[in-house]
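The structure appears below as structure tokens.
In this chain, numbering begins with 1 at the start of the sequence shown. Hydrogens, waters and symmetry mates are skipped; everything else that's a heavy atom, side chains included, is used.
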Amino acid sequence: MMNLHLIGQSAVGNTMDRQQHILDLTGDFVASVNREFGIEYINHSGRTLLGIAVNHDLHAEPLYVPQFHDSATWQRLAEDIFPQVVDQGQWSGQLTLHALDGETVPILMKLLPYLDETGEVSGFTAIGHDLRLRQALQTQQAMAERILDSTIEGIMVTDSAARIQRVNAAFTQITGYQSDDVVGKTPKFLRSNHHQQSFYDLMNASLQESGRWQGEVWNRRKSGELYLQWMSISALRDDRGCISHFVSIFHDLTEMRAKEAEIELLAFSDPLTGLGNRHKLNQALKHQLKRDQQRSGAHLALLCIDIGQLSPINDRFGMKGGDELIKCQAERLNKRLGRDLHLYRLVGDELVALMVDITDPADVARYASDCIRQLQEPVFLNGEAIRMSPAIGIALSPKDATESDVLLSNAQTAMLAAKQQGRDSYHFYDEALSCEMRQRLMLEQQLRLAVKSGASMGLELYLQPKVHLGSRQLAGAEVLLRWQHPEKGMISPAEFIPLAEESRLIVHLDRWVFEHTCKLLSHWQQQGFVLPALSINLSARQLQEPDLVEWCQAVIHEYGLSASMIELEITETAFINLSDSVLDQLTTLRSAGFHLALDDFGTGYSSLTYLRRLPLDVVKIDRSFVADISQDARATTLLRGVMQLLHELDFSVVAEGIETTEQAELLQQIGCRLGQGFLYYRPMPIDEFVGLLDQK
């Protein structure tokens, strides 16, 4: 029995040792207290917490609960807490302990009673958790919250699926969205639609690969306003290396860019006119010249503009009056600028216009002439009309220079020449070009006057008869424009028609011819002549005029004519990049009764396409085709096939440029019935053509 008893005691002891070992491993405070509040047991964490040595023998040197509390806390324990444990079976709450070394330790405590064999409470078990680490974490968290909310940069924290978990006060200030507005959403609602989806795809790829992205982003505030921000996004990873969160830090660039713009305005703008100053001109000119060097066929022009003699103005009206005049003249010119024109103030009364992507010096001359007219208009100072005499110098790149300083110097030299010529004029740095452009522009201006109603500038209608090839009887006529200049004599259409096309005067010329043709037909109708069908050429530009159909119908109605009396000729080149609107115009014209003819057939690249698409009545074979048939058998064979095709498509065919009897006979042999050319008649004045008409 003794051996069994010892074995039983040994088993109990081993169990208690294991339990004590487990309690020593826990990080929480565990202690047992008897009814006299003496500490009977305390684990390793509790000893460390209260400063009790590990080898302190609680039986030899007892320790009591009051030793670890101040008087107020002990009173509370004795009078309230321990009785509550006895009555209710437990108590939990926060207490402050005082370690043996005097350190104050906040504890989250739970007290439980333990009972003896009779069921009476014989002591208490205390389980406590050190709150110092939690309080430190709470303090750090509170500090982090204050830092987040006090920073001027917006901060947004999302989970791995980009759902927003946290934003700071600066986020609200910048975007206008409160935290409750955005938590749980993805940042897509901030997008401005300024960026393509590829922009965001690259951003996400960078975050997945390197865990970081930064750059400028256009976003939208809650108010709907777009704003530019600098954003840095970092991906946070967990212990397994997987992305757990994204942190975005950004700041608004709007104010910064506004300040940068203000600085640039002060550095590169003229304070009087608001135009770019000399520094801005140099910057723009160098950039443009460098750009042009990388592109073949790129040209620019620099125009130095002296707005007039300013000294007399300053003497009479003071510097304030001179400044007012400069400002007024600069505003006038600036309003006339197009997309590829830029104006600067160089110094005093000298302005500079930069023209880019120049294809024809005539465009520069037109602009210079327009500037002179603008600057010649009176400016009112103190109620008095002031008229200025401007002078403009022009230098072209790369022709005159390829360096900015040299180009500007050449333009100023040309301006000096314009002054010496008496002002109110422009001058190219190249004297020969200057003379050519002045003559060309003068001709353009006179042509502009010639098309005005009632003008007597020598524009005349000529007619070239069309004939039946077999009988040589009159079959109609083509209306041609001639210019008998009052001073220069007869000016070739090859000279003034291209000029009109470049300056958009061709639209006015076309309409001048159309209206005067209708007037002529009306006059012949009143005289009782048998009216021939007259053909009028329409330019490509005319076909783009939205009121073409309405205008044509209004004119024939005014003169009491039928639309069938007029045939409208359109060249193949007018149909390159044919638009649906032009095709609609032609269809409407034909529906209104006008006959439509395709002129110069055989000179383009898509003739058969036009034959299929266009609402045509007549096809005119180009003179180059006709000239070859008497010399080249293949040309004759080709033309025979074309004639057969045109007849099967039910087109009337007219051959142009017939000059020999052999050509006329060959054309008749292959089925052509109508033609025109020097063999029959040259273009003639109206009076001469009238002699060909049969009077009723």
From [X] [atom1] over to [Y] [atom2], what is the distance, rounded to the nearest 0.5 angstrom?
| X | Y | atom1 | atom2 | result |
| --- | --- | --- | --- | --- |
| D599 | S535 | CG | OG | 8.5 Å |
| L302 | L407 | CG | CG | 5.0 Å |
| Q329 | E331 | CD | CD | 10.0 Å |
| L300 | K399 | CG | NZ | 13.5 Å |
| L583 | Q585 | CG | CD | 10.5 Å |
| L589 | C552 | CG | SG | 5.5 Å |

Does a side-chain heavy-atom distance below 4.5 Å link [X] with [Y]?
| X | Y | result |
| --- | --- | --- |
| T273 | I326 | yes |
| L253 | H251 | yes |
| I394 | D400 | no |
| L480 | P493 | no |
| P187 | N219 | no |
| P390 | Q376 | yes |

For [Y], is there an ion pair with [X] - N to carboxylate O distance below 4.0 angstrom?
| X | Y | result |
| --- | --- | --- |
| R423 | D306 | yes |
| D547 | R511 | yes |
| R373 | D370 | yes |

Looking only at non-hydrogen atoms, find the nearest pair between [X] and [Y] and report the distance.
| X | Y | value |
| --- | --- | --- |
| M231 | W213 | O-CZ3, 3.7 Å |
| Y344 | A284 | OH-CB, 3.2 Å |
| S404 | L289 | N-CD1, 3.4 Å |
| L408 | C304 | CD1-SG, 3.8 Å |
| H427 | A414 | O-CB, 3.3 Å |
| L538 | L548 | CD1-CD2, 4.5 Å |

query: Which is it for R332 and I307 under the side chain to side chain contact (heavy atoms under 4.5 Å, CB included) test, yes or no, and what are the steps along the way?
result: CA-CA 11 Å; R332 281 180 175 176; I307 66 175; over 6 Å; no

side-chain hydrogen bond (donor to acceptor under 3.5 Å, both in side chains) evaluation trace for D201 with Q196 | CA-CA 9 Å; D201 292 341; Q196 300 292 331; over 6 Å; no

Heavy-atom donor-acceptor pair, [X] side chain to [Y] backbone, under 3.5 Å:
| X | Y | answer |
| --- | --- | --- |
| S389 | D424 | no |
| T402 | P398 | no |
| S369 | A365 | no |

*Among all residues two or more places apart in sequence or in another chain, which pass the ring-ring contact (aromatic ring centres under 6.0 Å, His included) test with W483?*
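ring-ring contact (aromatic ring centres under 6.0 Å, His included) list for W483, sorted by chain: H485, F496.
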
**OP:** Please name all residues satisfying ring-ring contact (aromatic ring centres under 6.0 Å, His included) with F380, sequence neighbours left out, ordered by chain then number.
**Re:**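 In terms of ring-ring contact (aromatic ring centres under 6.0 Å, His included), with neighbours along the sequence ignored, F380 is linked to no residue.
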
Keeping to residues at least two apart or across chains, list the salt bridge (Lys or Arg N to Asp or Glu O under 4.0 Å) pairs with something in residues 342-353.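 Sorted result for residues 342-353: D270-R345.
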
message: Do Y227 and Q229 pair up side chain to side chain, a donor and an acceptor below 3.5 Å, judged on atom types alone?
response: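 A donor-acceptor contact under 3.5 Å links the two side chains.
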
Aromatic F199 / basic R191 pairing, under 6.0 angstrom, 45° off normal:
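Judged by the rule, R191 and F199 form no cation-pi pair.
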
ask   = Mind checking whether Y426 and F428 have parallel, tilted or perpendicular rings, split at 30° and 60°?
value =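 Rings of Y426 and F428: perpendicular, as their planes differ by over 60°.
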
Does E403 CD have over 12 foreign heavy atoms under 6.0 Å away?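 No, CD of E403 has 12 or fewer neighbouring heavy atoms, counting only those of other groups under 6.0 Å.
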
D600/T571 under side-chain hydrogen bond (donor to acceptor under 3.5 Å, both in side chains): CA gap, chis, key distance, verdict:
CA-CA 6 Å; D600 300 335; T571 62; 5.3 Å; no

